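Since we're looking at a predicted model, the values are computed, not measured. Values reported hereafter were calculated over all heavy atoms of this structure, with side chains retained and with hydrogens, waters and symmetry mates removed. Throughout, a chain's letter reflects where its sequence line sits, starting with A, and its residues are numbered from 1.
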Amino acid sequence: MANLSLSRSEPAVIVRAAMPELRKKYPFDQIEPKWQQHWLENKTFAARDPQHSSTPPLQSPKLYVLDMFPYPSGAGLHVGHPEGYTATDIFCRYKRMRGFNVLHPMGWDAFGLPAEQYAIDTGTHPSVTTKKNIDTFRRQIQMLGFSYDWDREVDTTDPHYFKWTQWIFLQIFKKGLAYEAEIPVWWCDGCKAVLANEEVNADGTCDRRGHKEVYRRPLRQWILRITAYAERLLADLEHVNWPHSIKEQQRNWIGRSEGANVEFEVHGSEFGVEVFTTRPDTLFGATYMVLAPEHPLVECITTSDQKSAVETYRTVAAKKSELERGMADKEKTGVFTGACAINPVNEEKIPIWIADYVMMGYGTGAIMAVPAHDTRDLEFAQKFNLPVRIVVSPTDQSDPIGFVGDGISVNSGLITGLPTPEAKKKITEWLGERGVGEFAVNYKLRDWLFSRQRYWGEPIPIVHCPKCGTVPVPESELPLQLPEMKDYSPSGNAEPPLAKATDWVNCKCPQCGTAAKRETNTMPQWAGSCWYYLRYIDPHNAAAFVAKDKEKYWMPVDLYVGGAEHAVLHLLYSRFWHKVLYDLGHVSTPEPFTRLVNQGMILGEDNRKMSKSWGNVINPDDVVREYGADTLRLYEMFMGPLEATKPWSMEGVQGIYRFLGRVWRLYEELDDSSPSPALLKVLHQTIKKVGEDIEALAFNTAISQMMIFVNEVTAQQSRPRTVLEPFVLLLAPYAPHLAEELWQILGHTKSLACEPWPTYDPALLVEDTVEIVVQVNGKVRARLTVSAKATKEELEKLALAHADVQPFLAGKQVKKVIVVPGKLVNIAAA
RNA sequence: GCCCGAGUGGUGAAAUGGCAGACACAUCGGACUUAAAAUCCGAAGGAGCGUUAAACCUCCGUGAGGGUUCGAAUCCCUCCUCGGGCACCA
C-alpha cells in the first residue's frame with residue numbers, strides 16, 4: 001500500500017511543479033513585450049507639434065495630460081506609481097481614439113538626497129547612481145505599456161535640462177525676486193552638516209544618524225520672494241478645476257487676512273510700535289501690548305530695572321523655539337519691558353510685554369492684546385493678572401469674555417453700538433484720518449528658502465565679486481555644471497560641499513574681471529520640478545527653454561494627476577514660477593494646470609501603509625511576471641475610485657486575471673452569427689457607459705460594465721464578431737496589449753491606437769417596457785411592467801388598482817400620489 | 001485646538017433625492033475530473049413568519065441621534081470614529 005500510494009503521488013508532484021505554465025490563462029508574456037516593442041519602434045504615441053504636422057495643418061484639438069514625474073529611487077517602482085499613470089494612460093488612449101492630438105510625456109525628477117548620501121558613503125558619483133535608477137524606472141514603466149511619447153523624456157539632472165532651470169533662476173533674480181539673507185537653518189553637530197527640514201525628527205534628533213545635537217544656526221541663504229505673488233496665487237485658485245481640499249490647503253497656507261496696522265507711541269520716548277490686527281474694532285479693549293522677543297525695538301524701550309529679566313527671557317526664548325516648536329499647548333510665558341504704549345484711540349497707557357507667543361515673522365512682530373476677545377491674549381492676561389475689558393457684545397447669550405466672533409461694539413467711543421464689520425471699517429477710517437493707522441493685509445505665506453548646502457543639485461549661477469557684489473553668470477555660459485569631486489561629504493564648517501572644489505569656486509567676475517568666487521549653494525529639488533511640464537513641450541530646444549509657438553499650442557496642461565503629498569509645496573512653487581514667466585512674457589497662460597486630480601494611496605493587504613518594516617510591500621515586477629501588465633493596470637483601476645485610499649488584494653488581482661482570460665477565450669470561438677437583441681443592447685450600453693466613465697475618470701465602474709458585457713456574451717451560445725469587434729476598442733485603453741493582439745486576430749493589420757472610438761445607437765438603449773415600482777408610504781409594495789410611454793395618469797390608475805397594493809390602502813385615505821414616469825409611483829396614504 | 005474629507009454586507013465597492021448592496025473578491029453548493037487544479041453553472045445583508053424544503057411573505061438595515069421630504073446612503077443640524085492638512089499667524 002505504502003509503495004503504491006508513493007508511486008502514484010510522484011507524477012502528481014511533477015504536474016504540480018509544472019502548474020504555473022499550464023495555468024496561464026492567456027499568453028500575456030508573449031503579447032505584452034511584442035506590442036511594447038511595436039509601439040516604441042513605430043512611435044505610435046508621438047505627439048504632433050504644430051509646425052511639424054504634415055499638410056494639411058493639424059485639425060485635431062490638442063490635449064496635454066501630465067503625470068507627476070517620479071523621483072527615481074533605488075527601490076524601484078512602487079505599486080502606487082502605476083495607479084495615477086494608468087489613469088492618465090486610459091484617458092489619453094481614449095482621447096486619441098476620439099481624435100485628439102495628445103501630449104503625454106514622462107521624465108525624471110532626479111536630483112535628491114539619497115544619491116548624494118550614497119556618494120558620501122561609497123564615493124560613487126551621484127550621476128552614476130541616478131542613471132542606473134532611471135534605467136530601472138524606465139524599464140519598469142515601459143513594461144506597463146503606457147502610451148508616453150518617449151522622445152520627450154526629460155531628466156532634471158541633465159545639463160541640457162538644468163541649463164534652463166538656471167536660466168529661469170536668473171530671470172527671477174533679474175526681476176528682483178531672489179535675494180540673500182541670514183536665515184536660521186538646522187545644523188547637526190554629529191554630521192557636521194546642514195539638515196533639510198525633513199531630516200529633522202519630531203523629537204529634534206537627526207534622521208540620518210540619530211544625533212542629538214541638532215539646532216538652528218543662522219546661515220546665508222538664497223530666498224525667493226514668493227510673497228510678492230501671494231495675492232495672485234490666492235486669487236487665481238478661483239480659476240482652476242482642482243479638488244476642493246487642495247485649493248483649501250493652498251488658501252490656508254497662503255493665509256490671507258485683512259485688518260489694520262496701527263501705530264502706538266511708546267510713552268516718554270520717540271519710538272513708535274506698529275501692530276497688525278484683524279480686529280481694529282477691539283482697540284478700546286487693548287489692555288497691554290506684546291512684542292516678539294526678537295523684536296528690534298525691545299532693546300530700545302526696555303527700562304533699566306527690567307533689563308536683566310528681559311535679556312534672560314530673550315535668551316531662553318531663542319533656545320526654546322529651537323526645541324519646543326511642536327508643542328502648541330504649552331503655558332504662556334512673558335516678561336514686562338517696563339515701557340508703556342499709548343493707545344491712539346483713547347490715549348490710555350498700556351504696558352508693553354515680550355512673549356514668545358508673538359512671532360517676529362508674521363505681521364509686524366507686535367500685537368495689541370485684547371484679552372476679552374482673543375483666546376491667547378486671555379490666557380496670557382489670566383496668568384499675569386492683566387485687565388480684561390469687554391468691548392464686543394455677542395448677539396446671542398454667550399459669555400462676552402473670550403468671545404471671538406462678530407458682535408456689537410460696546411464701551412468703544414465712536415464705534416459703540418456698531419456691528420463688528422462696520423466698526424472695523426469706521427475705526428480704520430478714523431485711524432487713517434489721523435495718520436496713526438491704515439487698512440492692511442497680511443499673509444502667513446513666507447518667502448521661499450531656495451538654497452541647499454548640498455552637492456547634488458543645480459548650481460546657483462551667481463558669482464560673488466568683491467567689487468560688484470552678486471553678479472549673475474552670463475546666460476551664454478549656461479549650463480553652469482557641477483565640478484567633479486572626490487569627496488562629497490559636507491565640509492564640516494557649514495560651507496556647502498562645493499566650497500571644497502576650489503578650482504571651480506575661484507573665477508573671474510563676469511562684469512569687472514577681478515578674482516571672484518562662485519556661489520556654492522545649490523538649488524532645492526523643487527526647482528527642476530517647477531517647470532518640467534514646459535520642457536516636455538520642446539525638450540530638445542537648444543535656443544530657448546520652450547519655443548513660443550509650441551508653448552502657445554500645448555499650454556495649459558489639461559489634466560494633471562499625482563499624489564496629494566504635493567498639494568502645497570510643489571504646486572505652489574510651480575504656480576509661482578509660472579506666473580513670473582507669464583509676467584515676463586515667456587508663457588501664455590497665468591496658470592499652468594487647468595485640472596488636477598489626486599490619486600489615493602494604495603495600502604498593503606493588511607490595511608497599513610506599505611513599508612519594508614511591515615513586510616507588506618507589493619512589487620509591480622512580481623505582479624507583471626505572474627499576471628501581466630494588463631492585469632495590473634486593470635486591477636489598480638478596479639480597486640475603487642481613483643481618489644480613494646484602498647488596500648491591495650492579491651485575490652482581487654486574480655479575479656481580474658480570470659476576467660482577462662475569459663475575454664481571451666471569447667475570441668477563440670468567434671463566429672459570424674448575428675447578435676441577439678439583448679446582446680446588442682448590452683454592447684451599446686457598454687459603449688455609452690465606458691465612454692462617459694472615462695471622461696469622469698470613473699474607471700472602476702467602466703470596468704464593471706465591461707464585465708457585465710462579457711458575462712452577457714458568455715451566457716450566449718454564439719460569439720458574434722459584430723459585437724466582439726467594437727468591444728476590443730472599448731477594452732483597449734485599459735488592457736492595451738491584449739486589445740492590440742485581439743485586434744490583430746480579428747484581421748486588422750494596423751494598431752488600434754487611433755481607431756475611432758465606437759459610437760452607440762441611442763435607439764437601441766430605449767426600453768419598450770419598463771418595470772415601475774409602486775410604493776405605499778415609501779415602501780415597495782408592487783411592481784408593474786408597463787410600456788415606457790405610459791402616462792402619469794395611466795400609472796396612477798394602475799398602481800391604485802393593483803391587487804398587491806390594495807391591502808395596504810385598506811381603511812386609509814389616499815392623500816397624495818407621486819408619479820415619476822419610468823421609475824415609480826408612491827402613494828401617500830393615512 | 002482649527003480647517004478639509006470619509007464612514008454602506010465577511011472584503012473592495014455601486015447607487016449623490018426615487019427598487020440599497022450593481023460589478024468583483026472571499027465563502028458555500030453543483031457540473032466536469034479517478035482526484036485536484038483550471039473552467040462553467042448556481043446560492044448568498046440580517047432577523048422573523050411559515051414550511052418536508054424552497055419560493056412567496058413580513059420586519060429591520062447605509063457610524064449614532066434628530067430634522068426636512070410623498071420618498072433620504074444621498075440634503076440640513078448635533079455627536080462619535082477614522083484619514084489628511086495646519087498648528088500660538090494676532
Side-chain angles (χ1 to χ4, degrees), chain A residues 8 12 15-16 19 22-25 243-253 255-257 259 275-279 282 290 325-330 332 355-359 361-370 373-377 379-380 404 442-446 564-565 567-568 598 600-601 607 635 638-641 643-656 658-659 661-662 665 698 700-708 710-711 714-715 771-780 783 804 814-820 822-830:
Chain A
R8 282 184 63 167
V15 168
R16 224 171 253 286
M19 207 80 90
L22 295 176
R23 232 187 302 181
K24 195 156 284 165
K25 291 178 176 67
H244 173 78
S245 69
I246 301 286
K247 287 195 192 184
E248 207 54 33
Q249 277 182 57
Q250 293 220 347
R251 287 195 191 105
N252 290 341
W253 190 264
R256 181 184 198 274
S257 47
V275 302
F276 172 71
T277 176
T278 54
R279 294 297 300 269
T282 62
V290 186
R325 296 198 129 253
M327 301 178 188
D329 45 20
K330 66 188 179 204
K332 293 275 181 295
D356 65 1
Y357 83 92
V358 173
M359 282 160 303
Y362 183 78
T364 61
I367 61 156
M368 62 170 201
V370 184
H373 307 295
D374 183 284
T375 317
R376 297 147 303 177
D377 296 346
E379 261 177 60
F380 191 84
V404 297
N442 256 296
Y443 303 92
K444 282 201 269 186
L445 183 69
R446 307 294 163 87
E565 66 273 20
V568 178
N598 290 122
M601 212 196 321
N607 247 298
Y635 172 67
F638 189 62
M639 289 173 82
E643 299 89 340
T645 298
K646 52 235 160 196
W648 188 268
S649 158
M650 234 21 173
E651 281 160 344
V653 174
Q654 284 169 20
I656 289 294
R658 279 202 290 268
F659 168 69
R662 274 203 293 280
R665 286 194 302 276
N700 54 332
T701 48
I703 294 168
S704 295
Q705 183 62 41
M706 289 193 275
M707 288 172 167
I708 290 170
V710 169
N711 289 346
T714 307
E771 194 182 60
I772 300 285
V773 174
V774 183
Q775 299 179 333
V776 178
N777 292 331
K779 290 209 167 84
V780 180
R783 284 154 204 279
D804 293 345
V814 175
K815 290 261 170 86
K816 199 173 173 185
V817 181
I818 287 95
V819 182
V820 183
K823 289 219 158 141
L824 62 76
V825 179
N826 191 11
I827 302 164

Discussion item. Measuring only the C1' atom in each nucleotide, how far is rA20(B) from rU16(B)? A whole number of Å is fine.
Written reply: 13 Å
Worksheet item: Ignoring hydrogens and geometry, is there a side-chain-to-backbone donor-acceptor pair from Lys646(A) to Pro641(A) under 3.5 Å?
Response: yes
Worksheet item: Does NZ or CZ of Lys332(A) fall inside the cone over Tyr357(A)'s six-membered ring, less than 6.0 Å from its centre and within 45° of the axis?
Response: yes
Worksheet item: What is the nucleic acid contact for Val358(A), judged by heavy atoms within less than 4.0 Å: base, sugar-phosphate only, or nothing?
Response: base
Worksheet item: Between rC4(B) and rU62(B), how far is it from one P atom to the other, in whole Å?
Response: 26 Å
Discussion item. Roughly how many Å apart are rA44(B) and rA22(B), using the P atom of each and rounding to a whole number?
Written reply: 11 Å
Worksheet item: What about Ser704(A): does its side chain form a donor-acceptor pair under 3.5 Å with the base of rA22(B)?
Response: yes
Worksheet entry | Pro647(A), nearest nucleotide to its side chain (from rC4(B), rA14(B), rG12(B)) | rG12(B)
Discussion item. Between rC88(B) and Lys332(A), counting only base atoms on the nucleotide and side-chain atoms on the residue, is there a donor-acceptor pair under 3.5 Å?
Written reply: yes
Discussion item. Between rG17(B) and rA73(B), how far apart are the two P atoms, rounded to whole Å?
Written reply: 13 Å
Worksheet item: Can you tell if the side chain of Thr277(A) reaches within under 4.5 Å of the side chain of Val370(A), non-hydrogen atoms only?
Response: no
Worksheet item: In the strands shown, is rC40(B) matched to any nucleotide by a Watson-Crick or G-U wobble pair with both distances under 3.5 Å, and which?
Response: rG30(B)
Discussion item. Looking at rA6(B), I'd like to know if its phosphate oxygens (OP1 or OP2) sit under 4.0 Å from a side-chain N or O belonging to Thr645(A).
Written reply: no
Discussion item. Any base atoms under 4.0 Å from Met707(A), or only sugar-phosphate, or nothing? Heavy atoms, all strands.
Written reply: sugar-phosphate
Worksheet item: So, does Asn777(A) use its side chain to make a donor-acceptor pair with the main chain of Ala829(A) at under 3.5 Å?
Response: yes
Worksheet item: If we take the P atom in both rG48(B) and rG29(B), what is their distance in whole Å?
Response: 23 Å
Worksheet item: So, the side chain of Tyr635(A) versus the backbone of Trp648(A): is there a donor-acceptor pair under 3.5 Å, distance only?
Response: no
Worksheet, complete the sentence: Regarding the side chain of Lys816(A), the nearest nucleotide among rC70(B), rC23(B), rC88(B) is rC70(B)
Response to the item:
Closest of rC60(B), rG18(B), rA90(B) to the Phe276(A) side chain is rA90(B)
Worksheet item: Looking across every strand, which nucleic acid part, if any, lies under 4.0 Å from Arg256(A) by heavy atom: base, sugar-phosphate, or nothing?
Response: nothing
Practice prompt. Report yes if at least one side-chain N or O of Arg251(A) is closer than 4.0 Å to OP1 or OP2 of rC4(B); otherwise report no.
Written response: no
Discussion item. Could you check whether any side-chain heavy atom of Ile818(A) comes within less than 4.5 Å of a side-chain heavy atom of Gln775(A), counting everything from C-beta outward?
Written reply: no
Worksheet item: Of Lys444(A) and Asn826(A), whose nearest nucleotide on RNA chain B comes first from the 5' end?
Response: Asn826(A)
Worksheet item: Tell me: CD1 of Ile818(A) to P of rG17(B), nearest whole Å?
Response: 18 Å
Worksheet item: So which nucleotide from rA90(B), rG18(B), rC23(B) ends up closest to the side chain of Asn711(A)?
Response: rC23(B)
Discussion item. Expressed as a whole number of angstroms, how long is the span from Lys779(A):NZ to rC70(B):P?
Written reply: 16 Å
Item to complete: Would you mind telling me which of rA13(B), rA26(B), rC70(B) lies closest to the side-chain atoms of Asn700(A)?
Response: rA13(B)
Item to complete: Would you indicate what Thr375(A) reaches in the nucleic acid, counting non-hydrogen atoms under 4.0 angstrom: base, sugar-phosphate, or nothing?
Response: nothing
Discussion item. Classify Pro641(A) by what it touches in the nucleic acid, base, sugar-phosphate, or nothing, heavy-atom distance under 4.0 Å.
Written reply: sugar-phosphate
Worksheet, complete the sentence: Closest to the side chain of Tyr362(A), out of rC3(B), rA24(B), rA90(B), is rA90(B)
Fill in: Interatomic distance where CG belongs to Asn598(A) and C1' belongs to rG5(B) [whole Å]
12 Å
Worksheet item: Side chain of Ala828(A): nearest nucleotide among rC23(B), rG12(B), rC70(B)?
Response: rC70(B)
Worksheet item: Which nucleotide, in any strand shown, forms a Watson-Crick or G-U wobble pair with rG1(B), with both distances under 3.5 Å?
Response: rC86(B)
Discussion item. For rU81(B), give the paired nucleotide (Watson-Crick: N1-N3 plus N6-O4 or O6-N4; G-U: N1-O2 and O6-N3; both under 3.5 Å), or none.
Written reply: rA6(B)
Worksheet entry | Euclidean distance for P, rA43(B) against rA55(B) (whole angstrom) | 11 Å
Item to complete: Mind calculating the distance between CH2 (Trp648(A)) and C1' (rC25(B)) to the nearest angstrom?
Response: 14 Å
Discussion item. From C-beta outward on His244(A), which listed nucleotide comes closest to its side chain: rC88(B), rC25(B), rC4(B)?
Written reply: rC4(B)
Item to complete: Would you indicate what Gln775(A) reaches in the nucleic acid, counting non-hydrogen atoms under 4.0 angstrom: base, sugar-phosphate, or nothing?
Response: base
Item to complete: Using atom CH2 of Trp253(A) as one end and atom P of rC4(B) as the other, report the distance to the nearest whole Å.
Response: 18 Å
Fill in: Lys25(A) side-chain proximity, nearest of rA26(B), rA90(B), rA38(B)
rA38(B)
Practice prompt. Could you check which nucleotide pairs with rC23(B) in any of the strands shown, counting Watson-Crick or G-U wobble with both distances under 3.5 Å?
Written response: rG12(B)
Response to the item:
Picking from rC4(B), rG18(B), rC25(B), the nucleotide nearest the side-chain atoms of Arg658(A) would be rC25(B)
Discussion item. What is the distance, to the nearest angstrom, from the CG atom on Asn607(A) to the P atom on rU11(B)?
Written reply: 11 Å
Worksheet entry | Student check: side-chain heavy atoms of Met707(A) and Ile656(A) closer than 4.5 Å | yes
Discussion item. Pairing check on rC75(B): which nucleotide meets the Watson-Crick or G-U wobble criteria with it, both distances under 3.5 Å?
Written reply: rG67(B)
Worksheet item: What is the glycosidic conformation of rG10(B): syn, defined as within 90° of 0, or anti?
Response: anti
Worksheet, complete the sentence: Atom CG of Leu445(A) and atom P of rA87(B) are separated, to the nearest Å, by 12 Å
Practice prompt. Figure out the CG/P separation between Asp804(A) and rC57(B), and round it to whole Å.
Written response: 8 Å
Fill in: 5'-most by nearest nucleotide on RNA chain B - Thr278(A) or Met601(A)
Met601(A)
Discussion item. Rounding to an integer number of angstrom, what distance separates rG9(B) and rG46(B) when you compare their P atoms?
Written reply: 12 Å
Worksheet item: Once you round to the nearest 0.5 Å, how far does CG of Asn442(A) lie from CZ of Phe276(A)?
Response: 4.0 Å
